[in-house]
Amino acid sequence: MKSSINVIILAAGLGTRMKSKRAKVLHRAGGFTLIEHVVRTSSGITPPENITVAVGHQAEQVRAVLANSGVRFVEQSEQKGTGHAVMMCGAALAPQDGLVVVLYGDCPLLSLATLKELVERQAAGEAAATLITTRLADPTGYGRLIFGERGELESIVEQKAANPRQLEIDLINSGIYCFRADLLWKHVTKIQPDNPAHEYYLTDMVEILNRAGHRVEALEVANSEELLGINTRVELAAVDKLFRERKARELMLAGVTIEKPETVTIDSGVTIGMDSVVEPFAQILGRTGIGEDCRIGACSIVANSTLADRVQVAPFTSIADSVVEADVHIGPFARLRNGNRVAKGAHIGNFVELKNTQFGAGAKANHLAYLGDAEVGDKVNIGAGAITCNFDGAQKHRTRIGKDAFIGSNSTLVAPIEIGDGSYVGAGSVITDPVPPEALALGRGRQVVKEGWAKNRARKRALDPPTS
Ligand code: UD1
Ligand code: CA
């Protein structure tokens with residue numbers, strides 16, 4: 001039987017160096033909070049009930065973002081260091097056999113492949129623990145690995161406690177460990193806060209295990225990028241950039257054209273179908289799914305939306321929380337706010353805003369319109385400047401426009417209102433009463449023409465000039 005794997009993720013710290021009111025693990029990179037990335041990777045090696053997250057700062061918010069993940073939580077109300085956090089988890093987890101993987105919540109780029117390699121190396125060998133290390137051109141801030149004469153890992157010295165010679169060492173502690181569970185729980189309580197920061201350092205476990213006659217192995221990983229820890233917003237931006245590059249590359253290799261990929265922002269959870277094109281500076285965010293042969297225009301933003309095949313989004317368009325069926329054209333400069341469904345083959349043109357609206361198949365609103373809380377039938381034509389007055393100052397009301405209706409330019413549809421199938425609304429009308437099917441509705445002042453009016457006015461002025 002495969003021995004059990006428990007994962008502990010440390011996420012209780014505030015992250016002072018972030019200079020933020022928000023706990024560090026709640027900051028985002030690649031579209032997810034840092035803690036979500038780490039939980040997602042951990043889920044690749046063990047079921048969620050074997051994952052324990054140590055929470056402290058903003059524990060409620062951290063629990064909330066992980067609410068659907070199925071992981072367990074342990075409260076570390078006072079953050080006395082990484083060793084202390086593991087001890088708190090020990091009280092909830094020990095005794096147990098198998099392996100315990102410890103990860104830090106601020107190291108979100110770690111790949112599943114590397115994590116698996118760590119666990120396999122530990123399971124196959126005789127060591128009490130294995131940790132991941134890498135060489136960094138600039139190791140500032142990280143714990144450094146100290147090796148003995150025979151090449152055995154002796155200890156980890158933190159930046160703050162290191163002497164100048166130790167600061168030269170470029171092999172760093174990534175903060176990713178795999179322990180034999182029995183030895184971790186037997187020895188972890190021996191950690192003392194005997195360092196300049198008066199913290200319980202988990203890194204002391206290396207020395208403690210050595211002293212108890214055990215060995216700790218270091219697994220060196222060549223790709224140091226995935227081990228980057230985030231302590232400041234500068235590092236957050238660097239990691240975010242790496243996530244974006246990873247995502248763009250993954251999509252391009254799967255058949256998506258991305259123009260100037262260094263300019264686009266695509267969240268990790270986005271899917272895009274083959275032969276779709278993403279133009280420069282587009283942002284595709286959250287849980288967005290895009291079909292095949294689509295085009296996302298330059299500087300457009302698509303968030304938490306579903307676009308079927310062959311949808312064309314022209315530049316500078318914003319789409320959020322909406323569903324768009326196949327062959328729809330949207331934009332440029334269009335805005336789909338929340339809760340819209342745009343049916344097959346519809347056209348939404350420039351400066352058109354939709355909110356909570358069902359827009360029928362083949363229907364068109366090509367310029368300057370607002371459709372809120374509306375149901376627009378198939379093949380309806382909405383003229384330029386037509387708007388639904390859906391809000392009476394206190395409540396929202398619905399507008400229903402039947403199929404094949406024609407809404408003239410600059411019409412004002414005062415909701416609640418119903419426009420029948422196949423009817424016409426004359427341009428410039430204010431519509432307050434229902435329009436039956438096949439009817440023509442006019443709601444505007446009749447035009448008056450006064451023949452010769454301007455000429456008469458000029459003559460009067462010549463006889464009696466206005467005093468200035
Ligand atoms: C830590 C390591 C360092 C390593 C680096 C890798 C220690 C003592 N040092 O330093 O050797 O090179 O990570 O990125 O472990 N946390 C808690 N409770 C606490 C303290 C921290 O849950 O009491 C959590 C934090 O929320 C954070 C993680 O542990 O997610 C790491 O803490 P941090 O303060 O960032 O450690 P580093 O100084 O980066
Ligand atoms: Ca850190």
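Indexing begins at 1, ligand by ligand and atom by atom, following the structure's order. We use all heavy atoms of the structure for the numbers below, so side chains are in, but hydrogens, waters and symmetry mates are not.
Between Leu34 and the options Val39, Leu109, Leu236, a side chain to side chain contact (heavy atoms under 4.5 Å, CB included) holds for only Leu236. Residue Phe179 is tested with Leu209, Val216, Leu99, Val86 for a side chain to side chain contact (heavy atoms under 4.5 Å, CB included); the sole match is Leu209.
Atom NZ in Lys247 sits 9.5 Å away from atom CD1 in Ile258 (nearest 0.5 Å). Taking CD1 of Ile8 as the reference point, atom SG of Cys89 lies at 4.5 Å (rounded to 0.5 Å). Annotation: the span from Gln358 atom CD to Asp373 atom CG amounts to 10.5 Å, rounded to 0.5 Å. Rounded to the nearest 0.5 angstrom, Asn210 CG and Leu153 CG are separated by 7.0 Å.
Distances below 4.0 Å separate heavy atoms of Lys24 from the following atoms of ligand 1: 35 (O). Which parts of ligand 1 touch Gln76 is read off a 4.0 Å heavy-atom cut-off, strictly below it: atoms 17 (C), 18 (N), 19 (C), 22 (O), 23 (O). Shown in contact with Tyr142 at under 4.0 Å from a heavy atom are these atoms of ligand 1, numbered in order with element: 6 (C), 12 (O), 14 (O). In summary, the atoms of ligand 1 found under 4.0 Å from a heavy atom of Gly143, numbered by their order in the structure, are 3 (C), 4 (C), 11 (O), 12 (O).
Only the backbone of Ser174 comes within 4.0 Å of ligand 1, judged by heavy-atom distances. At a heavy-atom distance under 4.0 Å, no atom of Ala54 approaches ligand 1. At a heavy-atom cutoff of 4.0 Å, ligand 1 is contacted by no atom of Ile172, backbone or side chain.
The protein heavy-atom contact nearest to atom 21 (C) of ligand 1 is Thr82 CG2, 3.8 Å. Of all protein heavy atoms, the one closest to atom 39 (O) of ligand 1 is Asn231 OD1, 3.5 Å. From the protein, the heavy atom lying nearest to atom 35 (O) of ligand 1 is Asp106 OD2, 3.0 Å. The shortest contact between atom 8 (C) of ligand 1 and any protein heavy atom is with Tyr201 CD2, 3.2 Å. Remark: minimum distance from atom 26 (O) of ligand 1 to any protein heavy atom is reached at Gly13 N, 2.8 Å. Given atom 5 (C) of ligand 1, the protein heavy atom at minimum distance is Asn173 O, 4.0 Å.
Polar contact with ligand 1: present for Gly81 (N/O pair, distance under 3.5 Å). For ligand 1, the polar-atom distance check finds no N/O of Tyr177 at less than 3.5 Å from any of the ligand's N/O atoms. An N or O contact shorter than 3.5 Å is missing between Val25 and ligand 1 by distance. For ligand 1, the polar-atom distance check finds an N/O of Tyr104 within less than 3.5 Å of one of the ligand's N/O atoms. For the pair Ala12 and ligand 1, the shortest N or O to N or O distance falls below 3.5 Å.
In this structure, Glu120 does not pair ionically with Lys116, as no charged nitrogen and carboxylate oxygen lie closer than 4.0 Å. Using a 4.0 Å cut-off between charged side-chain N and carboxylate O, Glu126 and Arg215 make no salt bridge. Taking a cutoff of 4.0 Å between a charged side-chain nitrogen and a carboxylate oxygen, Lys80 and Glu199 do not qualify as a salt bridge.
Residue Cys107 places every heavy atom at 4.0 Å or more from ligand 1.
A 4.5 Å side-chain heavy-atom check between Cys299 and Pro315 finds every atom pair outside the cut-off.
A tilted orientation is assigned to the rings of Tyr200 and His84, their planes being inclined by 30° to 60°.
Taking the Ca ion (ligand 2) as reference, the nearest N/O/S atom within Asp106 carries the name OD2.
Between the side chain of Thr41 and the main chain of Leu112, no donor-acceptor pair closer than 3.5 Å is present.
Evaluated by nearest non-hydrogen atom to atom 29 (O) of ligand 1, the leading choice among Thr16, Asn195, Leu10 is Leu10. In this structure, of Arg17, Lys80, Glu158, His57, the residue bringing a heavy atom nearest to atom 36 (O) of ligand 1 is Arg17.
Ring-centre distance between His397 and Phe391: not below the 6.0 Å cut-off.
For a distance bound of 3.0 Å, the N, O or S atoms of Asn231 include one lying that close to the Ca ion (ligand 2).
Taking the ring axis of Phe359 as reference, the NZ or CZ atom of Arg341 does not stay both within 45° of it and closer than 6.0 Å to the ring centre.
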